[in-house]
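Before any comments, here is the structure.
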Amino acid sequence: MVVFPNAKINIGLNILRRRPDSYHDIISAIVPIPWCDVLEIVPAKGTATTLHTSGRCVDCPPEKNLVMKAYRSLSEVAPLPPVDIYLRKIIPDGAGLGGGSADAAFTLTALNDMFALDLPMDTLARIAASIGADCPFFIYNKPMLATGTGTTLSPLPELSLSGLTIAVIKPQVHVSTAVAYASVTPHIPSTPLTQLLPLPIGRWRGNIVNDFEPGISAIHPVIAEIKQWLYDAGALYASMSGSGSALFGIFDNDILADTLREAWSDCDIFCARI
């Protein structure tokens with residue numbers, strides 16, 4: 001079975017408060033984009049489950065990869081036979097695009113289909129939540145409002161980027177989640193994100209914000225430079241995704257990936273009409 005785990009972007013991300021368990025309550029709109037890895041799962045040639053990676057370097061041993069964690073987590077609910085997993089990494093990591101989380105979630109859904117487990121999506125989402133905060137989103141893989149620690153999801157059917165062009169630029173800097181949170185002072189925004197999302201996209205600028213962005217931009221000025229370039233290129237809205245370091249621009253006209261690569265030749269680039 002071959003599936004294509006896709007990336008996501010965050011439209012707004014507010015860090016509301018620190019919780020007694022040391023996690024944070026957040027609110028964010030999460031939208032899938034078609035920048036994809038390739039994941040193949042086949043019956044094992046041997047007696048043990050294996051993971052083989054290619055493409056971008058995966059900086060962790062196979063047994064600690066979220067894909068293997070997903071396999072182990074699902075097998076605790078429904079015993080599974082051994083499989084061989086082949087993962088080609090295309091989505092950059094350390095980008096706030098959720099690539100690793102998508103790989104884990106798609107592993108769950110692929111195994112569920114492959115072995116006809118018939119587990120409902122909500123059950124898969126609960127398993128995914130034990131793997132990582134972004135993982136449940138990719139079980140549903142449609143626009144969602146994420147609250148709580150990011151694992152409480154509500155559909156946002158009215159949030160559509162259909163017909164628009166998404167451009168993503170990921171500079172060659174890595175942002176750790178710990179550093180991202182250390183740069184933020186949690187607060188309740190004066191206007192809730194849920195009241196801002198229905199605005200025309202052209203009015204999101206300056207209103208819908210990613211609370212991680214100012215602190216990360218202070219550490220890595222290229223973040224602010226790319227964001228300004230996207231606006232200068234005609235973006236209706238531009239922002240850092242998640243805890244960074246990728247930035248995206250939403251355009252109502254075509255912008256070619258070649259144009260992005262010419263301007264930002266040392267960055268990872270993705271561009272597509274949604």
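Predicted model, so just to flag it, every value in this text is computed and none were measured.
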task = Would you sort out whether Ser239 and Ile208 count as a side chain to side chain contact (heavy atoms under 4.5 Å, CB included), showing the intermediate values?
result = CA-CA 9 Å; Ser239 177; Ile208 294 181; over 6 Å; no

task = Any chance you could pull the hydrophobic cluster mates of Val42, using side-chain heavy atoms under 4.5 angstrom and chaining through other members?
result =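 Besides Val42, the hydrophobic cluster comprises Tyr86, listed by chain and residue number.
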
query = Can you list the other members of the hydrophobic cluster that holds Tyr23, where links are side-chain heavy atoms under 4.5 angstrom apart?
reply =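 Listed partners: none, Tyr23 stands alone.
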
Calculate, to the nearest 0.5 Å, the distance between atoms [atom1] and [atom2] belonging to [X] and [Y] respectively.
X: Thr109; Y: Ile127; atom1: OG1; atom2: CD1; answer: 11.5 Å
X: Asp266; Y: Lys170; atom1: CG; atom2: NZ; answer: 10.5 Å
X: Arg126; Y: Cys135; atom1: CZ; atom2: SG; answer: 15.5 Å
X: Arg88; Y: Leu39; atom1: CZ; atom2: CG; answer: 13.5 Å
X: Asp25; Y: Asn14; atom1: CG; atom2: CG; answer: 12.0 Å
X: Cys60; Y: Leu66; atom1: SG; atom2: CG; answer: 7.0 Å

Have [X] and [Y] got a donor and an acceptor in their side chains that come within less than 3.5 Å?
X: Asp211; Y: Tyr181; answer: no
X: Thr185; Y: His187; answer: no
X: Asn6; Y: Lys8; answer: no

Partner set under ring-ring contact (aromatic ring centres under 6.0 Å, His included) for Tyr237, not counting sequence neighbours =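 Applying ring-ring contact (aromatic ring centres under 6.0 Å, His included) to Tyr237 gives Trp204.
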
For His220, all residues meeting ring-ring contact (aromatic ring centres under 6.0 Å, His included), sequence neighbours excluded =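 None.
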
Kindly say whether [Y] contributes a backbone atom to a donor-acceptor pair with the side chain of [X] at under 3.5 angstrom?
X: Asp268; Y: Pro92; answer: no
X: Asp84; Y: Lys45; answer: yes
X: Ser75; Y: Leu80; answer: no
X: Arg72; Y: Glu63; answer: yes

Cluster link [X] to [Y], ILVMFWY, side chain under 4.5 Å:
X: Phe115; Y: Ile139; value: yes
X: Ile223; Y: Tyr231; value: no
X: Leu87; Y: Ile131; value: yes
X: Val3; Y: Met68; value: yes
X: Ile30; Y: Leu164; value: no

Taking all non-hydrogen atoms of both residues into account, name the closest pair between [X] and [Y] and its distance.
X: Pro171; Y: Val222; result: CB-CG1, 4.0 Å
X: Cys57; Y: Asp93; result: O-OD2, 4.4 Å
X: Leu247; Y: Ser245; result: CD1-O, 3.5 Å
X: Leu260; Y: Cys271; result: CD1-CB, 4.0 Å
X: Arg19; Y: His24; result: CD-C, 3.6 Å
X: Gly242; Y: Leu13; result: CA-CD1, 3.7 Å

request  = Name the orientation class of the two ring planes belonging to Trp35 and Phe270 (parallel below 30°, tilted from 30 to 60°, perpendicular beyond 60°).
outcome  =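 Correct class here is parallel.
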
query = Can Leu74 and Leu119 be said to form a side chain to side chain contact (heavy atoms under 4.5 Å, CB included), step by step?
reply = CA-CA 10 Å; Leu74 184 59; Leu119 295 175; 3.5 Å; yes

Should [X] and [Y] count as side-chain neighbours, where that means a heavy-atom distance under 4.5 Å?
X: Leu230; Y: Phe251; answer: yes
X: Val31; Y: Phe137; answer: no
X: Leu16; Y: Pro186; answer: no
X: Val38; Y: Phe4; answer: yes
X: Ile85; Y: Leu51; answer: yes
X: Ile269; Y: Ile169; answer: yes
X: Ile250; Y: Ile166; answer: yes
X: Asp103; Y: Lys89; answer: yes

message = Just checking Glu262: does its CD atom have more than 12 heavy atoms from other residues, nucleotides or ligands closer to it than 6.0 angstrom?
response =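 Count not over threshold, so no.
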
query = More than 12 heavy atoms of other residues, nucleotides or ligands under 6.0 Å from CG of Asp59: is that the case?
reply =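 Not buried by this count: 12 neighbours or fewer within 6.0 Å.
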
ask   = Stepwise, does the side chain to side chain contact (heavy atoms under 4.5 Å, CB included) test hold for Thr123 with Asn112?
value = CA-CA 11 Å; Thr123 298; Asn112 188 50; over 6 Å; no

ask   = Residues two or more places apart in sequence or in another chain: which of them pass side-chain contact (heavy atoms from CB on, under 4.5 Å) with Ser243?
value =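 Here the qualifying residues are Thr177, Ala180, Phe212.
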
message = Let's go through Phe138 and Leu124 carefully: what are the C-alpha distance in whole Å and the side-chain angles of both, what is the deciding distance for side chain to side chain contact (heavy atoms under 4.5 Å, CB included) to 0.1 Å, and is it a yes or a no?
response = CA-CA 10 Å; Phe138 290 103; Leu124 294 175; over 6 Å; no

Can you give the donor-acceptor pairs under 3.5 Å from side chains of residues 192-203 to other protein atoms, not counting sequence neighbours?
none

ask   = With the threshold set at 4.0 Å, does a side-chain nitrogen-carboxylate oxygen contact exist between Arg56 and Asp37?
value =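 Salt bridge between Arg56 and Asp37, a charged N being under 4.0 Å from a carboxylate O: no.
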
